[in-house]
> 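Quick one: structure below, then a few questions.
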Amino acid sequence: MTSSASTTPGTAASAAATSDERPTWVWTSTYACSTRASWWSAAPPGRLSSSSPSAAAGRRPRAPGAPGARVVGAVRGTEAGAGAGDRRDGRARRYRGPAPAPTRAAGAPVPRGGVTRGPVHPHPRRPARPRPTPEARALPGPPPAPEDPPAVGAGAPRGATGEDALLDGLLPVLPVGSWTDLGPGDDAAVVRADDGRVVVSTDALVADRHFRPRTASPEDVGWRAAAQNLADVAAMGAVPTALVVALVVPSRPPAPWTDGWTTGLARGLAAACAGLPGARGCGVVGGDLTGGEQVVVAVTALGDLRGLPPVRRDGARPGDVVALAGVQGRSAAGLAVLERRARPGAAAWAGAGVESAADEEVAGLVRAHRRPRPPCDAGPAAAEAGATAMLDVSDGLVRDAGRVARASVVVLDLSTELLRPHRDAVAPVADLLGVDAWRLVLEGGEDHGLLATFPEGAVLPEGFAPVGVVRAGAAPGVLVDGAPHAGGGGWDHFG
Ligand SMILES: Nc1ncnc2c1ncn2[C@@H]1O[C@H](COP(=O)(O)OP(=O)(O)O)[C@@H](O)[C@H]1O
Ligand SMILES: Cc1ncc(C[n+]2csc(CCOP(=O)(O)OP(=O)(O)O)c2C)c(N)n1
Ligand SMILES: [Mg+2]
C-alpha cells in the first residue's frame, strides 16, 4: 500500500468498487448475528481475545518415522500405503502440475455429445478428452483465462424452458477440467482419482449471510464459492480436481440481479478455476438446481493428494514455525467498506474522506472481498515441504489458528512483528473507517490464505512467510506476542 490516504485523489474506482447503495435493513438484520465481526464499528485498539483454550481434541499418535510424519488415514482406519496411488516405496510422487485442460476457443460452439458417453440431457456436452499420459500431466497447464471468460452459448436457450433453459445457460460456461471423464448432463459425473483417495469438502454460500446481491455480482459469488472450496482442498495439501455446484434459485432473482444470474455465477466459477494459482484444470462436473426462497450456492470440491499424506490440523508440534500464504485482513476490510456504505449515516462517512482519499485502497480491498485469491498452489507445495498442519483461514486468523492449536494440543504464538505487512496493507482504510487494523488482520475471515506449520528449519515453500511459532503449553490455544488475544474471536455463524 503506497498511496497516502489523505493525498490520493478521488477517482471513479472507489465509487465503482462500492457503487451499489445498500438498503440499511439488510445490513442491520444480517449483522445482528455477527456480534464478533463488527469491523465497521470503531474498535478500541489493543490486544485481542483470549483464544479460549477449550476442550482440546485428543492428540492423535503420530506415525513413527520422519519428522512431520502424520497419521494417514486415521479417520478411515487405514494406513498411508492403502491408497491405490500411494507410492509403495514410501516416497512421495512429485507433483508437476495438472494435466492440460481441454481448450475451446472462446465463443466457439460447444459440441454436442458427452465427454465420453452419449448424451442423456439435451444440453451441450463436452468433447471427449483422452486420458492424459504421465508426460501430459507434467506439462504446464493452460494459460490463465480472463477473469470473466465469455459465456459460450449462454443465455441462448434452444427452445427449452424452466430448468432446462437455466441449464442451457449454465452448463456451456462451466470449465471442463483435466480430471473429468464425464461432465455435466448425466445422473452423475465421472472424475478421475489418480491417487486412489479423494479429498472432498463442501461449503455453502447463502445470500445475505455470505454475500449480498446488492454488493456482489453473480460472477463475484461464483468466484467466491469456487475459491473458498478450492482453498479447503488445497489446505489438505491436495490439488483441486473438480467442483460440484448445487444452486437454490428463487423464482425472481434478488435485486439487482436479473434472470441470467445463474450464467453469471457459472462465469465466476469458471473464472476462479482458470485464474487462481493451482486451480487450473479443476472442472465443474455437475450439480443440482432447485427452487427456494433465497439464493444458496453450495459447492463440493474434490482433490487429489498425489501420493502424499493429507496435511491435517493435528500435526503441529512445539518448535514448528507457523507460516501464512496469501493475504489476511483484506477481505474483512473490503466487507467493512461495503457494509459501511450500507449503514445509516453512510453519507456522513463518505464525507469523512474515504470516497476521495483512498480510492485505490478501497477498490483493492473491496475486490479482495469479492474475489478472494487463495494461493491454492501453496497447499500442495506445503505438503511436499513437509508441513505438519494446515488449514485455510476462513473464519479469522486467531480463530482458525485456534483450531490447529486444539487439534494438535499445542499453543500457536503469533507475532505482530511478522504480521505487520498484513496490518500495513489495511491500515489506511481501517483508519478512515475508524476500525482497528489489527482486528481486521487477527479476526477477519474470508481471505482464505493457508496457515501451516512447518518443522523448525524447514525451507518454507514459495508464498509462505513465517507469522509465529508453535509452543508447548498446558492449555492449547493462540497467543499474540506471547499474550492472550483480547479482541473478538472471529466469525461464528451461531456465536
Ligand atoms: N452438516 C455437516 N455434516 C457433517 N460434517 C459437517 C457438517 N458441517 C460441517 N461439518 C464438518 O465439520 C468440520 C468443520 O466445518 P467448517 O467449519 O465448515 O470447516 P471449514 O472452515 O474447513 O469449511 C469440517 O470437517 C466439516 O466437514
Ligand atoms: C453479507 C455478509 N455478511 C458477513 C460476511 C462475513 N462472513 C460471512 S461467513 C464468514 C466466515 C466464513 O464462512 P463459513 O461459512 O464459516 O465458511 P467455512 O468456515 O465453513 O469455510 C464471514 C467472515 C459476509 N461475507 N457477507
Ligand atoms: Mg465449511
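These numbers come from the heavy atoms of this one structure, side chains and all, not from hydrogens, waters or symmetry mates. Order of listing sets the numbers, starting from 1, for every ligand and every atom in it. One-based numbering along the sequence shown.
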> Once the angle between the rings of Phe211 and Trp257 is folded into 0 to 90°, is it parallel (under 30°), tilted (30 to 60°) or perpendicular (over 60°)?
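The arrangement is parallel - the two ring planes meet at less than 30°.
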> Side chains of Arg224 and His369: closer than 4.5 Å at any heavy-atom pair?
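Yes. Closest side-chain heavy atoms under 4.5 Å.
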> Side chain, backbone, both or neither: which applies to Leu335 and ligand 2 if a contact is any heavy-atom pair less than 4.0 Å apart?
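Contact part for Leu335 vs ligand 2: side chain (C-beta onward).
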> Of all N/O/S atoms in Asp203, which lies nearest to the Mg ion (ligand 3)?
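Nearest N/O/S atom of Asp203: OD1.
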> Gln228 heavy atoms, cut-off 4.0 Å: which ligand 2 atoms fall inside?
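Listed by number with element: 17 (O), 21 (O).
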> Any nitrogen or oxygen of Trp491, side chain or backbone, less than 3.5 Å from one on ligand 2?
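Between Trp491 and ligand 2, no N or O pair is found under 3.5 Å apart.
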> Going by distance alone, is a donor N or O of one side chain under 3.5 Å from an acceptor N or O of the other, for Asp304 and Thr241?
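No pair is found: no donor N or O on one side chain lies under 3.5 Å from an acceptor on the other.
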> So, does Glu443 sit close enough to ligand 2 that a heavy atom of it is under 4.0 Å from the ligand?
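Outside the 4.0 Å threshold, so no.
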> Do Val284 and Pro184 have side-chain heavy atoms sitting under 4.5 Å apart?
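The answer is no; the side chains never approach within 4.5 Å.
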> Taking side chain as C-beta onward, heavy atoms only, is His448 less than 4.5 Å from Glu446?
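With C-beta onward as the side chain, the pair touches.
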> Does any N or O in the side chain of Asp203 come within less than 3.5 Å of the main-chain N or O of Asn229, such that one atom is a donor and the other an acceptor?
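No; judged by distance alone, with no hydrogens or angles, the pair does not exist.
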> Can you tell me if His369 contacts ligand 2 (heavy atom of the residue under 4.0 Å from the ligand)?
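Distance cut 4.0 Å: His369 passes for ligand 2.
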> Does the Arg399 side chain pair with the main chain of Trp491, one donor and one acceptor, at a distance under 3.5 Å?
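Confirmed, Arg399 side chain pairs with Trp491 backbone.
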> Heavy atoms only: which of Arg370, Arg403, Arg224, Arg209 is nearest to atom 24 (C) of ligand 2?
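Checking each option, the heavy atom nearest atom 24 (C) of ligand 2 is found in Arg209.
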> Among Ser331, Gly490, Ser394, which one puts a heavy atom closest to atom 19 (O) of ligand 2?
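Looking at heavy atoms only, Ser394 sits closest to atom 19 (O) of ligand 2.
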> Which ligand 2 atoms does Arg212 reach within 4.0 Å, using its non-hydrogen atoms?
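So the atoms of ligand 2 that pass are 1 (C).
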> Do Arg197 and Pro310 have side chains that approach each other closer than 4.5 Å (heavy atoms only, starting at C-beta)?
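Yes - at least one pair of side-chain heavy atoms lies under 4.5 Å apart.
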> Any donor-acceptor pair under 3.5 Å linking the side chain of Asp320 with the backbone of Val470?
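Flag not set: sc Asp320 to bb Val470 has no pair under 3.5 Å.
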> Run through ligand 1 for me and note each protein residue having a heavy atom under 4.0 Å from it, chain first, then residue number.
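Residues Asp203, Asp232, Arg313, Ser394 each place a heavy atom under 4.0 Å from ligand 1, listed by chain and number.
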> Could you tell me whether Glu339 and ligand 2 have an N or O pair separated by under 3.5 Å?
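Between Glu339 and ligand 2, no N or O pair is found under 3.5 Å apart.
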> Using heavy-atom distances, let me know which of Asp203, Leu391, Asp395, Asp232 sits nearest atom 11 (C) of ligand 2.
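The nearest heavy atom belongs to Asp395.
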> Hey, is Asp220 close enough to Arg371 for a salt bridge, meaning N to O under 4.0 Å?
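Salt bridge between Asp220 and Arg371, a charged N being under 4.0 Å from a carboxylate O: yes.
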> Quick one: are Val248 and Gln294 in side-chain contact, heavy atoms under 4.5 Å?
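No - every pair of side-chain heavy atoms lies 4.5 Å or more apart.
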> Say whether, by atom type as modelled, one donor and one acceptor occur between the side chain of Asp413 and the main chain of Val469 under 3.5 angstrom.
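Side chain of Asp413 to backbone of Val469: no pair is present.
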> What I want to know is whether Glu446 and ligand 2 share at least one N or O pair that is separated by under 3.5 angstrom.
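Glu446 vs ligand 2: N/O contact under 3.5 Å present.
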> With only distance considered, is His210 within less than 3.5 Å of ligand 2 through an N or O on each side?
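Between His210 and ligand 2, an N or O pair is found under 3.5 Å apart.
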> Do any nitrogen or oxygen atoms of His448 lie less than 3.5 angstrom from nitrogen or oxygen atoms of ligand 2?
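Between His448 and ligand 2 (N or O atoms, distance only) the closest approach is not under 3.5 Å.
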> Please tell me if the side chains of Trp261 and Val295 come closer than 4.5 Å, counting only heavy atoms from C-beta onward.
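Result yes, sub-4.5 Å side-chain heavy-atom pair found.
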